[in-house]
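All remarks here apply to the structure that follows.
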Amino acid sequence: MIVQNDFSLSGADGKLIIGDITFDDKNPNTPIVLFVHGFKGFKDWGAHNLVARYFAANGYRYIKFNLSHSGVPADNPKDVSDLNAFASNTFSKELFDVNAVLDYIEKVYGNNTKVNLIGHSRGGGLAIIEAAQNLRIDKLITWSAISNFDSLWKKEQEAEWKSTGKIYVTNARTKEQMPLNVELLQDFEENAETLNIIEAAKRINIPWLIIQGDDDVNVPFENAQKLADANPGSRLIKIEGANHVYGASHPYENETLPPLLFKVCEKVLTFLGE
């Protein structure tokens, strides 16, 4: 039977990381897949739980979690509602969280546990940086990954951002204006070398599958090509007609995966089995 167990641990600034582990209880010692969500995303967004069940049914232990400053509180797990936490996020805090979850996996499953890491969108950028420096990562998979963090805002916004201490991004679904404190920009500038996704991509020396839709208006296909060009050992798969989330939406009420997201999962499953 497919079951899902919850966990929580301390993340950046002591804020809580909420996560879950989906697996088949008949096969307790299965390989691990760790999923990192993207900007304005969270572990229970859209079809993420169906994805988790797919991999659990196919012999994997699927772990996903909310980054501590995702803005998704434990008492309202279906939406970004803690805008103070969301505003105070930085890339370094997110990397801290990813490492905290990897530490948790090592503590629970042992020192020799290898992790297959999936990152979506901004989470893909985090996954690339992590995989370039962390020996605990066995294989890397990126979905619609960004190739540079500063693509998430307009260059002309930076002067205003530094002057006022805050800019706003629009939640496309709710139309809500979501704040970002200037600490995000400062962190990016102060840690430019560490946060250079393309340079990290060049250092990846484990199997890496890059998946990208060719109808993605959020992260155009050229980003995937840049990543693939930076690392000739990677493999790039184009999903024809796919948008940024491969046909998913939030909330997602269907009981089966969207066809294009199902295709993505099939491609990943084949890659993991190689």
Side-chain angles (χ1 to χ4, degrees), residues 31-39 41 51 55 60 62-64 67 91-92 94-99 101-102 105 113-152 187-189 191-240 242-246 260-261 263-274:
I32 288 173
V33 173
L34 174 62
F35 175 76
V36 184
H37 68 75
F39 184 49
V51 171
F55 283 99
Y60 290 87
Y62 196 91
I63 301 176
K64 52 189 174 67
L67 292 160
F91 306 119
S92 293
E94 291 186 329
L95 287 170
F96 180 96
D97 291 345
V98 175
N99 272 288
V101 176
L102 286 167
I105 291 170
T113 302
K114 293 291 187 180
V115 176
N116 301 293
L117 185 61
I118 300 178
H120 174 249
S121 193
R122 184 158 114 182
L126 297 172
I128 291 166
I129 290 171
E130 197 62 43
Q133 63 189 15
N134 198 316
L135 296 177
R136 295 179 288 191
I137 309 303
D138 194 42
K139 291 185 177 182
L140 172 65
I141 304 100
T142 52
W143 298 351
S144 312
I146 60 173
S147 58
N148 54 296
F149 285 115
D150 62 358
S151 63
L152 299 167
D187 175 63
F188 177 70
E189 292 178 341
N191 298 286
E193 187 174 340
T194 300
L195 297 172
N196 189 316
I197 296 172
I198 292 296
E199 287 303 313
K202 295 175 182 178
R203 301 195 301 272
I204 301 290
N205 59 4
I206 57 174
W208 178 11
L209 179 64
I210 302 169
I211 295 180
Q212 177 75 41
D214 67 354
D215 194 25
D216 188 339
V217 298
N218 301 87
V219 180
F221 189 82
E222 65 190 46
N223 287 270
Q225 193 62 61
K226 287 179 184 177
L227 295 172
D229 290 345
N231 192 303
S234 64
R235 185 187 314 167
L236 172 58
I237 293 180
K238 179 193 292 185
I239 305 297
E240 300 281 352
N243 64 8
H244 190 57
V245 290
Y246 305 96
L260 291 176
L261 185 54
K263 180 182 286 188
V264 168
C265 291
E266 285 186 312
K267 299 291 187 185
V268 173
L269 190 66
T270 298
F271 173 71
L272 292 177
E274 293 175 350

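Comment: Lys263 does not engage Glu266 in a salt bridge, judged by the lack of any side-chain N to carboxylate O separation of less than 4.0 angstrom. A salt bridge links Arg122 with Glu94; the closest basic N to acidic carboxylate O contact falls under 4.0 Å.
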Problem - Derivation of the side chain to side chain contact (heavy atoms under 4.5 Å, CB included) call for Ile146 and Phe39 - result: CA-CA 11 Å; Ile146 60 173; Phe39 184 49; over 6 Å; no

Exercise for the section: Kindly determine whether Ile128 and Leu140 satisfy side chain to side chain contact (heavy atoms under 4.5 Å, CB included), including the steps that lead there. Expected result: CA-CA 8 Å; Ile128 291 166; Leu140 172 65; 4.2 Å; yes

Exercise for the section: Please assess Ile198 against Asn148 for the test side chain to side chain contact (heavy atoms under 4.5 Å, CB included), listing each intermediate value before the final yes or no. Expected result: CA-CA 7 Å; Ile198 292 296; Asn148 54 296; 6.0 Å; no

Exercise for the section: Let me see the working for Tyr246 and Ile211 under side chain to side chain contact (heavy atoms under 4.5 Å, CB included), right down to the final yes or no. Expected result: CA-CA 10 Å; Tyr246 305 96; Ile211 295 180; 3.8 Å; yes

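Heavy atoms only, all atoms of each residue included: Ser144 and Gln212 are closest at CA-OE1, 3.2 Å. Closest of all the heavy-atom pairs between Ala132 and Ala200 is CB-O, 3.5 Å. Minimum interatomic distance between Thr142 and Ala145 (heavy atoms only, all atoms of both residues): CB-CB, 3.7 Å. Between Glu240 and Leu260 the shortest heavy-atom distance is O-CD2, 3.8 Å. Nearest heavy atoms, Phe221 versus Asp214: CD1-CA, 4.4 Å. For Leu135 against Lys114, the heavy-atom pair with the smallest separation is O-NZ, 3.0 Å.
Here the side chains of His120 and Val245 are in contact, with some heavy-atom distance below 4.5 Å. Using a 4.5 Å heavy-atom threshold, the side chains of Asn116 and Phe271 count as separate. Looking at heavy atoms from C-beta onward, Thr113 lies out of side-chain contact with Arg136 at the 4.5 angstrom threshold. Between Leu152 and Phe91 there is a side-chain heavy-atom pair separated by less than 4.5 Å. The shortest side-chain heavy-atom distance between Asn99 and Asn134 falls under the 4.5 Å cut-off. Side-chain contact between Ile129 and Phe149: present, with at least one pair of heavy atoms (C-beta onward) separated by less than 4.5 Å. In this structure, Leu102 and Ile137 have side chains that are in contact, with non-hydrogen atoms separated by less than 4.5 Å. In this structure, Ile32 and Asp138 have side chains that are not in contact, with every pair of non-hydrogen atoms separated by 4.5 Å or more.
With rounding to the nearest 0.5 Å, the separation of CH2 in Trp143 from CG in Leu261 is 5.5 Å. The distance from atom CG of Leu272 to atom CD1 of Ile141, rounded to the nearest 0.5 Å, is 4.5 Å. Atom-to-atom distance recorded for Leu117:CG and Ile206:CD1 is 7.5 Å, nearest 0.5 angstrom. The CD atom of Glu199 sits 12.0 Å away from the OG1 atom of Thr194 when rounded to the nearest 0.5 Å. In this structure, NZ in Lys139 is found 9.5 Å from CG in Leu209, a value given to the nearest 0.5 Å. Atom NZ of Lys238 and atom CG of Asp215 lie 11.5 Å apart (nearest 0.5 Å).
Checking Asn223, Leu227, Leu126 one by one against Ile197, the side-chain contact (heavy atoms from CB on, under 4.5 Å) holds for a single residue, Leu227.
Distance alone, capped at 3.5 Å, is enough to place a donor-acceptor pair between the Asp187 side chain and the Ser92 backbone.
Residue-environment remark: CD (Glu274) exceeds the threshold of 12 foreign heavy atoms within 6.0 Å.
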